[in-house]
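Single-structure report; data block below.
Computed over heavy atoms, backbone and side chain alike; hydrogens, waters and symmetry mates excluded.
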Protein chains: 2
Amino acid sequence: MINNSVLETEAENKIKEAARKIFHRRGFDGARMQEIADEAQINKAMLHYYFRSKDKLFEAVFKEAAMKLFPVVILIIESDLDVDEKIKKLIHNYIDFIIDNPYVPGFVLHELTQNPERMKHFVASNVLMRPQKFFSQIQEGIDSGKYIPIAPLQLMVTIVASCIFPFVAKPMLHTLFGLDQDDFGEFIEQRKEQMTQFILNGLYKK
Amino acid sequence: MINNSVLETEAENKIKEAARKIFHRRGFDGARMQEIADEAQINKAMLHYYFRSKDKLFEAVFKEAAMKLFPVVILIIESDLDVDEKIKKLIHNYIDFIIDNPYVPGFVLHELTQNPERMKHFVASNVLMRPQKFFSQIQEGIDSGKYIPIAPLQLMVTIVASCIFPFVAKPMLHTLFGLDQDDFGEFIEQRKEQMTQFILNGLYKK
DNA sequence: GAATAGTTTAACCATACGGTTAACAACAAT
DNA sequence: ATTGTTGTTAACCGTATGGTTAAACTATTC
């Protein structure tokens with residue numbers, strides 16, 4: 001039994017990729033093991049052979065999604081850039097990330113609402129948010145009269161909200177404002193620069 | 001068969017209220033007809049007696065939720081107020097609405113993502129978004145040099161995002177920043193005024 | 001090439017689920 | 001009193017679902 005590790009991980013990866021696709025699209029409750037098996041073109045029993053249960057398989061997918069979702073923010077927030085650069089980079093990089101992973105934010109947010117306890121299981125060991133530096137930078141700007149008075153957390157939530165929300169609300173934009181696929185793409189592309197300007201302008205005092 | 005209309009609607013309302021609670025909490029896929037029946041303290045067959053199927057019952061709940069979610073925005077957007085007042089009122093009223101219906105936005109957004117077609121069935125006849133006036137007001141302000149150049153839709157999405165997102169991301173705020181129930185309440189209360197100031201400041205040119 | 005360990009499959013199992021039914025209760029109309 | 005209508009219940013039905021099993025297949029080791 002030398003090197004089945006190649007085939008082994010091949011099957012394992014096929015399953016994981018299929019599971020990602022289905023779980024992201026349907027959520028935990030909506031996903032069916034059979035559908036995942038079909039997507040992976042593999043026998044359903046194999047899902048249980050490699051991952052013991054639906055929960056375990058989901059946990060793997062969820063963990064991966066969350067581990068991708070947060071670091072983008074964290075790395076930039078904790079960097080040595082100044083506030084303007086952080087905000088600009090944060091918005092651009094985060095939107096780019098979501099363009100490549102459009103289902104991830106909605107998936108993570110929904111599953112976190114369904115089961116908030118899940119968060120604790122892996123956050124502590126995997127995601128450590130240390131926004132102190134960023135928050136201090138904001139506070140200094142406020143104290144020096146450069147920025148309007150705003151709670152740093154309020155600002156940060158607004159930035160993240162601005163990036164994530166359009167993707168979560170995509171069907172609304174489609175039906176309410178008639179944005180089709182192409183329009184939406186343009187809207188998002190435009191959003192990167194315009195949100196950067198808007199938020200920076202909102203931060204600076206007149 | 002004089003007046004069972006009282007009792008009739010009593011049972012019907014008990015069911016609808018229970019269904020609202022469960023559907024909002026668990027989503028369509030996660031909700032069980034038995035759980036709704038238990039919540040309403042009523043026999044499961046009654047659910048099918050008054051509403052024919054799970055889909056029909058869900059449709060009633062969803063319609064109601066969506067019909068509450070949009071008009072708050074629409075009425076203010078279409079009013080005769082000036083831009084500053086519209087933005088202020090929009091943020092305050094919308095956040096107040098979500099405080100009273102905290103599960104509604106996440107519920108509607110998620111179910112709309114699961115089944116975007118649902119939107120079309122009732123939007124055309126029930127929700128008509130006419131943001132032209134608001135958009136013109138913004139455009140005028142931009143043309144006159146009062147506002148920074150921003151696509152009105154970008155602004156509007158940002159405002160709505162700022163109101164809704166904190167509630168959808170509540171578990172994240174809890175785990176990542178340690179906001180407990182009370183902290184969250186304060187955060188939201190503070191947000192009403194600070195977001196108003198921040199967004200208005202972002203709109204006006206220096 | 002037999003033995004052994006890992007992999008894959010079809011068939012199966014128990015349960016949970018949405019939905020139905022048939023009998024019954026309450027009560028108004030005749 | 002009888003009939004008909006509406007509301008209510010427990011028991012039931014067919015199916016879909018997550019999960020298991022035992023046998024077949026593959027490949028590696030000796």
If I compare all heavy atoms of B:Pro171 with all of A:Leu112, which pair ends up nearest, and what's the gap?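 Closest heavy-atom pair between B:Pro171 and A:Leu112: CG-O, 3.8 Å.
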Please report the closest heavy-atom contact between B:Lys14 and B:Gln41, naming both atoms and the distance.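 That would be NZ-O, 4.1 Å.
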Rounding to a whole Å, what distance do you find between [X]:[atom1] and [N]:[atom2]?
| X | N | atom1 | atom2 | answer |
| --- | --- | --- | --- | --- |
| B:Lys56 | C:dG19 | NZ | P | 10 Å |
| A:Asn43 | D:dA22 | CG | P | 16 Å |
| A:His48 | D:dG19 | NE2 | C1' | 5 Å |
| A:Leu57 | D:dG18 | CG | P | 11 Å |
| B:Phe28 | C:dG18 | CZ | P | 8 Å |
| B:Asn13 | D:dG7 | CG | C1' | 16 Å |
| B:Arg26 | C:dC17 | CZ | C1' | 15 Å |
| B:Asp38 | C:dC17 | CG | P | 11 Å |

Does D:dG18 have its OP1 or OP2 closer than 4.0 Å to a side-chain nitrogen or oxygen of A:Arg32?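 For A:Arg32, the contact criterion (side-chain N or O under 4.0 Å from OP1 or OP2 of D:dG18) is met.
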Within 6.0 angstrom of A:Tyr103 OH, more than 12 heavy atoms from elsewhere: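 Atom OH in A:Tyr103 is not crowded, with 12 or fewer foreign heavy atoms closer than 6.0 Å.
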From the options [options], select the nucleotide whose nearest atom is closest to the side chain of [X].
| X | options | value |
| --- | --- | --- |
| A:Met46 | C:dT9, D:dT9, D:dG19 | C:dT9 |
| A:Tyr50 | C:dT9, C:dG18, C:dT7 | C:dT7 |
| B:Lys54 | C:dG19, D:dG18, D:dT9 | C:dG19 |
| A:Ala45 | D:dT6, D:dT20, D:dG19 | D:dT20 |
| B:Tyr49 | D:dT6, C:dG18, D:dG19 | D:dT6 |

Report the C-alpha separation of B:Phe107 and B:Phe58 in whole Å, then their side-chain angles, then the decisive distance to 0.1 Å, and conclude whether the ring pair (Phe, Tyr, Trp, His ring centres under 6.0 Å) test is met. CA-CA 12 Å; B:Phe107 169 68; B:Phe58 176 81; 5.7 Å; yes
With a 6.0 Å cut-off on ring centres, are B:Phe23 and B:Phe62 close enough?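 No - the distance between ring centres of B:Phe23 and B:Phe62 does not fall below the 6.0 Å cut-off.
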Categorize A:Ala37 for me: base, sugar-phosphate, or nothing, with a 4.0 angstrom heavy-atom threshold over every strand shown.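 It contacts nothing in the nucleic acid.
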With no angle test and no hydrogens, is the base of D:dG19 tied to the side chain of A:Lys44 by a donor-acceptor pair under 3.5 Å?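 Checked by distance alone, the answer is yes.
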